[in-house]
Amino acid sequence: MDLSSQKSVRAAASQLLANTSIPTIDILINNAGVMSIPTRTLTEDGLETTFATNRIGHFLFTNLILPKLIKAASTTTTTTTTTTTTKASDSSLAPPTRIINLSSFGHKFSPVRFTDLSLIKLPKELPESERPDLQITEYLTGNSHADEAYYGFFSYGQSKTANILHAISLNQELLAKYNIAAFAVHPGAVDTGIGRYATPSDVEAALQRVKDLGMDPTQKSRELGANTTVLAAVDPRLKVVDVDSGDGQVKGVYLADCKVDDEGFVAFATDRRIAERLWSVSEGLVGERFDF
Ligand SMILES: NC(=O)c1ccc[n+]([C@@H]2O[C@H](COP(=O)([O-])OP(=O)(O)OC[C@H]3O[C@@H](n4cnc5c(N)ncnc54)[C@H](OP(=O)(O)O)[C@@H]3O)[C@@H](O)[C@H]2O)c1
C-alpha cells in the first residue's frame with residue numbers, strides 16, 4: 001500500500017481483512033517511513049506528506065486491521081493460560097500480541113504542531129508548546145532553521161513524536177480491554193535507505209559535524225538496527241506500559257538500544273493528554289471514529 005494515501009491504506013486493509021488464510025495477526029510493526037523530504041509537499045488527502053505517511057497511514061491501517069489482532073490476543077491468552085500459568089497470571093508483563101511503532105531519536109526535533117500540522121507557519125508564529133527545538137536542530141545541522149516554516153527534520157520530528165503518542169493511545173485503548181500492548185522504538189542510526197533525500201555531501205557534512213562534536217558517527221548495521229524492534233515485538237520480559245501515572249507522563253513505552261529508555265525522550269512525546277488530543281485530531285483527518 002501507499003501509506004500516504006488513505007484510499008490505498010483502506011484498500012489494503014480491506015484486502016487483508018477479507019483474506020481468510022490470515023485469520024489472526026499477532027504482531028504489527030509499523031516500520032515504513034520517510035525522512036527529511038526537502039520541500040513541503042501535500043498528499044492527495046491534503047496533508048503534509050511526512051505526517052500523512054509516518055503518522056496518519058499507520059494510524060488508519062492499525063485501526064482498520066485491529067479485529068485480526070483482537071482475535072489473536074483472545075486466542076493467545078487461552079493457549080498461554082493452559083500451557084504457562086505463571087506467565088499468564090503475571091499482569092505486569094506485556095502480552096504477546098503487540099503493536100510496534102518505529103519512532104526515532106529525531107522526535108526531539110519537534111512536538112506535534114496541532115495548530116499547524118502541515119508546516120506553514122514560522123517557528124516563532126507557533127504557540128510555545130508547539131515550537132520545534134531550534135537548539136537541537138542547530139546542534140546537529142549547524143543551522144537553527146528558525147526562518148523556515150518547512151524544514152524536513154521539523155516534519156520528521158513531528159511525525160516521530162506522533163509515533164510515540166500513538167503507542168501510548170494504543171495501550172490506553174487496547175491493553176486492559178483486549179490484552180494488546182504497544183511500544184515505540186528508536187532503532188539507532190542505521191545505514192538504510194532512510195537518507196534517500198540527502199545528497200552524499202549532506203551526509204558527509206552531517207557525519208563530520210557529529211565527529212567535530214566528539215560523538216561517534218558509526219552507524220549500526222541493518223542487523224543490529226533491527227534488534228530493538230524485534231525485542232519490543234517478542235521479548236516476554238517487557239513490562240506493560242503504565243498510562244495512568246498521576247502527572248500524565250507515561251513511562252515504559254519508548255525503547256532504544258534493546259531496553260526501555262525512560263530518559264531518552266522529550267516530555268511532549270510521552271504526555272497522555274497530548275496523545276488523546278492527537279488521537280481525536282487524527283480521527284478527524286481520516287473522517288472516522290474508532291470505538292473498539
Ligand atoms: N535508519 C535509521 O537510522 C533510523 C533511525 C531512526 C528511526 N528510523 C525509522 O525506522 C523506520 C524504518 O526505516 P529504515 O531506516 O529501514 O528506512 P528505509 O530503508 O528507507 O525503509 C523505509 C521503508 O518505508 C517504505 N515507505 C516509504 N514511504 C512509503 C509509503 N508512502 N507507503 C508505504 N511504504 C513506504 C519504503 O518503501 P520503498 O523503498 O518502496 O519506498 C521502505 O521500505 C522508519 O520509520 C524510520 O523513521 C530509522
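From a predicted model like this one, the values you see are computed outputs, not experimental measurements. Residues: numbered from 1 along the sequence shown. Whatever order the structure lists ligands and atoms in, that order sets their numbers, starting from 1.
Checked by distance only, ligand 1 and Ala189 stay at 3.5 Å or farther apart across all their nitrogen or oxygen atoms. The N/O atoms of Ile194, backbone and side chain alike, include one that comes under 3.5 Å of an N/O atom in ligand 1. Inclusion of Phe105 in the set of residues having an N or O under 3.5 Å from an N or O of ligand 1 is not warranted. The shortest N or O to N or O distance between Pro187 and ligand 1 is not under 3.5 Å. In terms of N/O distances under 3.5 Å, ligand 1 is approached by Lys160.
Residue Gln219 places every heavy atom at 4.0 Å or more from ligand 1. At least one heavy atom of Ser103 lies less than 4.0 angstrom from ligand 1. Within the 4.0 Å heavy-atom shell around ligand 1 one finds Gly188.
For ligand 1 and Leu102, the ligand atoms under 4.0 Å from any heavy atom of the residue are 10 (O), 11 (C), 45 (O). Of all atoms in ligand 1, numbered sequentially from 1 with element shown, those under 4.0 Å from a heavy atom of Ser4 are 31 (N). Applying the 4.0 Å criterion to heavy atoms of Val34 picks out, from ligand 1, the atoms 27 (C), 28 (N). Close approach of ligand 1 to Met1 is summarised as follows: ligand atoms under 4.0 Å from at least one heavy atom of the residue are 32 (N), 33 (C). Every atom of ligand 1 with a heavy atom of Asn31 under 4.0 Å away is listed here by number and element: 11 (C), 12 (C), 44 (C), 45 (O).
Protein heavy atom closest to atom 46 (C) of ligand 1, with residue, atom name and distance, is Tyr156 OH, 3.5 Å. Among protein heavy atoms, the minimum distance from atom 36 (C) of ligand 1 is reached at Arg196 NH2, 3.9 Å. Looking from atom 29 (C) of ligand 1 to the surrounding protein, the closest heavy atom is Thr53 CG2, 3.9 Å. Scanning the protein for heavy atoms near atom 19 (O) of ligand 1, the closest one is Gly193 N, 3.0 Å. Counting only heavy atoms of the protein, atom 3 (O) of ligand 1 lies nearest to Val190 N, 2.7 Å. At the shortest separation from atom 22 (C) of ligand 1 among protein heavy atoms lies Gly33 O, 3.7 Å. At the shortest separation from atom 25 (C) of ligand 1 among protein heavy atoms lies Ala32 CB, 3.6 Å. The protein heavy-atom contact nearest to atom 31 (N) of ligand 1 is Asp2 OD1, 2.9 Å.
A salt bridge links Lys220 with Asp257: the distance from a Lys NZ or Arg NE/NH1/NH2 to an Asp or Glu carboxylate oxygen falls below 4.0 Å.
Proximity of Asp45 to Ile56: side-chain heavy atoms (C-beta onward) are nowhere separated by under 4.5 Å. The shortest side-chain heavy-atom distance between Thr97 and Asn179 does not fall under the 4.5 Å cut-off. Within the 4.5 Å cutoff, no side-chain heavy atoms of Ile180 are placed close to those of Leu170. Using a 4.5 Å heavy-atom threshold, the side chains of His186 and Ser103 count as separate.
Under the 3.5 Å distance criterion, the side-chain polar atoms of Glu125 are matched with a main-chain donor or acceptor of Leu122. In this structure, Asp116 contributes its side chain and Lys121 its backbone to a donor-acceptor pair below 3.5 Å. Not one N or O on the side chain of Asn171 forms a donor-acceptor pair closer than 3.5 Å with the backbone of Ala181. A distance-only check finds a donor-acceptor pair linking the side chain of Ser8 to the backbone of Asp2 [under 3.5 Å].
Using cut-offs of 30° and 60° on the angle between ring planes, the pair Phe292 and Phe290 is parallel.
Distance check for atom 40 (O) of ligand 1: every protein heavy atom is found at 4.0 Å or beyond.
Judged by distance alone, the side chains of Asn31 and Thr229 never bring a donor and an acceptor atom under 3.5 Å apart.
Within a 6.0 Å radius of CG in Asp147, other residues, nucleotides and ligands contribute 12 heavy atoms or fewer.
Taking the centre of each ring, His107 and Tyr254 come in below the 6.0 Å mark.
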